[in-house]
Amino acid sequence: MSAIANVQAVTAQVTKSPHKFGNPTNEELTMTTYEGDPEATAVVLSETTDTRYTIINDAFSVVTDVKTCIKILKDEGKDYANVSIVYFNSGKGYQYKEEISNVKATAYNLVGGKVEKTKMNNDLVFREQIDNNHKVVKFTIPKVEVGTVIEYQYQKTSDSDTYIDTWYAQHAIPTAFCRYDLLIPEYFHFNVDLTGHELDKMSQERKASGNNFVLNGQRLDCEGTTYTFTGVNLSALKDDDYIWNLTDVCNKVRAEFTSFVIPGYINKQFTTTWERIDDLLMKDDDFGGRIRRSNPLKKEMTDAGIFGIQDANERILACFKLLNSKYKWNGNYRLWGRAVRDIEKDGGGSNADLNFILINMLRDAQLDAFPMVMSSRQNGTLPLTHPTLNSLNTFVVGIAPNDTTLLFIDTSAPSGALNVVPSSLLTNSARIIGAKSKLPIEWVNLLEASRGRTVSQIQATLANDGTLSGQVTRRYQNNDVLVPRSAFRQVEDSAAAINKMAETMGISISQYSMEGKENNDTQLSETFSFTKQCDTVNDLIYLHLGKLLPLTESPFKADTRSIPVEFSYAKNLNVSVSVTLPEGYVVEELPKPAIVNYEGGDIVFSMKCRAAGPMLSLQVRFDRKRQFFLPAEYGQLKEAYDTIANHTNSTIVIKKAQ
């Protein structure tokens, strides 16, 4: 049996890697597919992570050694030879600093029946500063092709004795074997938890271990605890339209620090708080310092009469629109801002760059504006019980017109509005920092304030040759306004956006108009004329409205699902259709009325169709109040969407009267 087959056959008690680093087997070198996932472009044969404490410069540090072995199975998998390791290194005296060292990599190829071993030279290892607080080590392993087995290893050293990286057992490709060894001395107290959605493929063990250190010239002998977590045949974390961050749902181990006690020497309880992080950020020249800078658009604000606008909301939007006319968002989300001279030189910047300018503009306009820091939904869930600056990656602008009202906006959505920001920023944990108002809250659930609503009216006439022609009017509200506005901003001209919409809906579009495209409010409407050819057979016309109706296809194809379903925000749809039948024709067959009520109102759908003389009317209503559904709910959720799609995809049969 091959090494990989052995991995698949092991029980949850396996603790040793079947792969021997530095000595790939013939079975590994000749493998062409991975049995656990035949479509995989590559597979992690083995990954071992060893985390422990040591003494550096008379202080405790955390050292982690990582060894990874990957088999390249397809051309697309060769990209796994390009390795990037991001680490926290600000040089500003924050909570901790990390270093990456001992980087080594080797490629193994089978050439003429013999193993050819190619080591990576050190000059192929590069280091870059990617922002104010993070660096990246990059290297490319040489001589990698389909069939290559690659190995690489590195050591990460952190001078924080109270923070241990979360260990992730899964990757974008399947993992045949992984193991995590975590040794914690008795002086350090952590809550160590294994979570995920493939825990049946994991084992865990805990045992006592001896430790000794030399601290300040004194030898310390102590007990400790070694945690060992092992995973076999773990599935790949594949892109999913209904999961914002796959690491939120993968198998992982998180260690939460609680206290540090050396009897007779140190007794340090958990002191890293969100208030401490607030203080660090506000004292940072590239965060709090950006709020204290002068407003570069003050003259433009004066010329535009913004300071004289009485209504607070109008004043906010006037500042927002002026900013967007001067600078462009570059597509990046950041936490720290750059100097205004750099933004002006580039003609724009990240959302943080522009948000800091907006905060200064709003404060000059006598409005209390402040950052609301967060981990974006793509960045993963913010660990509220384990405060760490490293988990934050961006912020939106909060505004308090008074002590009881909170609004928010973000410059990454130039077509947005108050309380309307991109879905990626609709986190349930945004933290207010530096507000002058006496707001009664520190944490804000932006999802609670987010909801989309679209109302459509379709008036059409059906000809006896099956041609359906008419007019569609759609009114978008709240978060739904970003959909059409963004569609038109992402193309070179309006015609391209209209053609794309027509192609998607399977219709021809003419006389298109949009009201509110350039505005920054929560209302938008569009109107267009359309034609659609329906099927005809003899005296029958098969009226199929298709994509003129919503939800004509269920997004959930798989029979089962092991991870949750996350929607962008709560959604409400209402579609009214009125069709005038051709003279001498009557309705032969109508869809049956449909009602779906999932979990007592979390998802409600209804569809009614009726005929009266030459008129045919159809009413579709859909309301989804929840954004998050657990794997155990997937079966019912899929059934609800399948039922909805079956009804909205119905065909109405029209027949020529005798």
Side-chain angles (χ1 to χ4, degrees), residues 1-11 14-50 65-85 100-126 137-155 168-181 201 230-239:
M1 183 181 291
S2 71
I4 297 303
N6 278 330
V7 172
Q8 295 172 326
V10 294
T11 68
V14 171
T15 57
K16 292 184 179 181
S17 170
H19 170 80
K20 294 183 178 179
F21 282 89
N23 187 24
T25 65
N26 187 68
E27 289 87 355
E28 291 172 337
L29 289 165
T30 58
M31 182 200 304
T32 57
T33 60
Y34 175 55
E35 185 178 343
D37 185 351
E39 300 301 316
T41 62
V43 56
V44 177
L45 297 176
S46 178
E47 183 168 75
T48 60
T49 303
D50 181 6
D65 289 303
V66 179
K67 291 184 177 181
T68 303
C69 177
I70 297 175
K71 170 71 179 186
I72 309 301
L73 298 171
K74 298 181 181 180
D75 277 330
E76 302 91 326
K78 290 190 291 186
D79 190 53
Y80 288 97
N82 302 315
V83 182
S84 295
I85 305 163
I100 299 293
S101 60
N102 299 335
V103 178
K104 299 177 183 179
T106 307
Y108 300 89
N109 288 290
L110 202 58
V111 180
K114 296 183 179 180
V115 179
E116 181 181 88
K117 180 178 179 180
T118 306
K119 290 187 177 181
M120 180 185 68
N121 294 326
N122 290 336
D123 56 7
L124 295 178
V125 180
F126 302 94
V137 168
K138 293 183 178 180
F139 56 89
T140 297
I141 304 172
K143 289 193 177 182
V144 172
E145 56 192 39
V146 175
T148 303
V149 172
I150 61 175
E151 291 180 349
Y152 63 86
Q153 64 184 62
Y154 63 90
Q155 184 175 89
Y168 298 100
Q170 293 171 272
H171 302 277
I173 52 177
T175 300
F177 176 89
C178 62
R179 188 184 70 241
Y180 178 41
D181 292 307
K201 299 179 181 179
T230 306
V232 294
N233 197 23
L234 298 173
S235 61
L237 295 175
K238 297 180 180 179
D239 288 338

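Bear in mind that the values here come from a model prediction, so they are computed numbers and not experimental data.
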- Message: Looking at Glu39 and Lys74, is there a salt bridge between them, counting it only when a charged N and a carboxylate O are closer than 4.0 Å?
- Response: yes
- Query: Is the shortest heavy-atom distance from the side chain of Leu234 to the side chain of Cys178 under 4.5 Å?
  - Reply: yes
- Nearest-0.5 Å distance that lies between atom CG in Leu110 and atom CD in Glu28: 12.0 Å
- Message: Could you tell me if the side chain of Val144 sits less than 4.5 Å from the side chain of Tyr80, heavy atoms only?
- Response: no
- Message: Is the shortest side-chain heavy-atom distance between Val125 and Met120 below 4.5 Å?
- Response: yes
- List the atom of Lys201, the atom of Ser235, and the distance in Å for their closest heavy-atom pair. NZ-N, 4.3 Å
- Item | Under 3.5 Å side-chain donor-acceptor pair for Asn23 and Tyr108 | no
- Query: Are Asp65 and Lys67 close enough for a salt bridge, meaning some N to O gap below 4.0 Å?
  - Reply: no
- Item | Asn122, CG atom: more than 12 neighbouring heavy atoms under 6.0 Å | no
- Would you indicate whether the side-chain heavy atoms of Glu145 and Asn109 approach each other to under 4.5 Å? yes
- Message: Is the shortest side-chain heavy-atom distance between Leu73 and Val43 below 4.5 Å?
- Response: yes
- Item | Rounded distance (nearest 0.5 Å) linking atom NZ of Lys104 with atom CD of Gln155 | 10.5 Å
- Item | Thr140/Leu124 under side chain to side chain contact (heavy atoms under 4.5 Å, CB included): CA gap, chis, key distance, verdict | CA-CA 7 Å; Thr140 297; Leu124 295 178; over 6 Å; no
- Rounded to the nearest 0.5 Å, the CD atom of Glu151 sits from the SG atom of Cys69 at a distance of 4.5 Å
- Side-chain contact test, heavy atoms from C-beta onward, threshold under 4.5 Å: evaluate it for Asn102 versus Tyr154 and give yes or no. no
- Query: At their closest point, which heavy atom of Ala42 faces which heavy atom of Pro174, and how far apart are they?
  - Reply: O-CD, 3.5 Å
- CD1/Ile85 to CD1/Ile100 distance, rounded to the nearest 0.5 angstrom? 5.5 Å
- Message: Looking at Lys78 and Val146, would you say the former's side chain and the latter's main chain have a donor-acceptor pair under 3.5 Å?
- Response: no
- Message: So Thr48 and Phe21, do their side chains get closer than 4.5 Å, heavy atoms only?
- Response: yes
- Item | Any Val66 side-chain heavy atom under 4.5 Å of Tyr152 side chain | no
- For Lys143 and Ala107 the tightest heavy-atom approach is O-CB, 4.0 Å
- Item | Least distance between heavy atoms, Pro24 atom then His19 atom | CA-CE1, 4.0 Å
- Nearest 0.5 Å please: distance from the CG atom of Asn233 over to the CG atom of Asp37. 9.0 Å
- Interatomic distance, Thr68 atom OG1 to Glu47 atom CD [nearest 0.5 angstrom]: 3.5 Å
- Test applied, side-chain contact (heavy atoms from CB on, under 4.5 Å); reference residue, Ile70; option that passes from Val149, Leu45, Ile173: Ile173
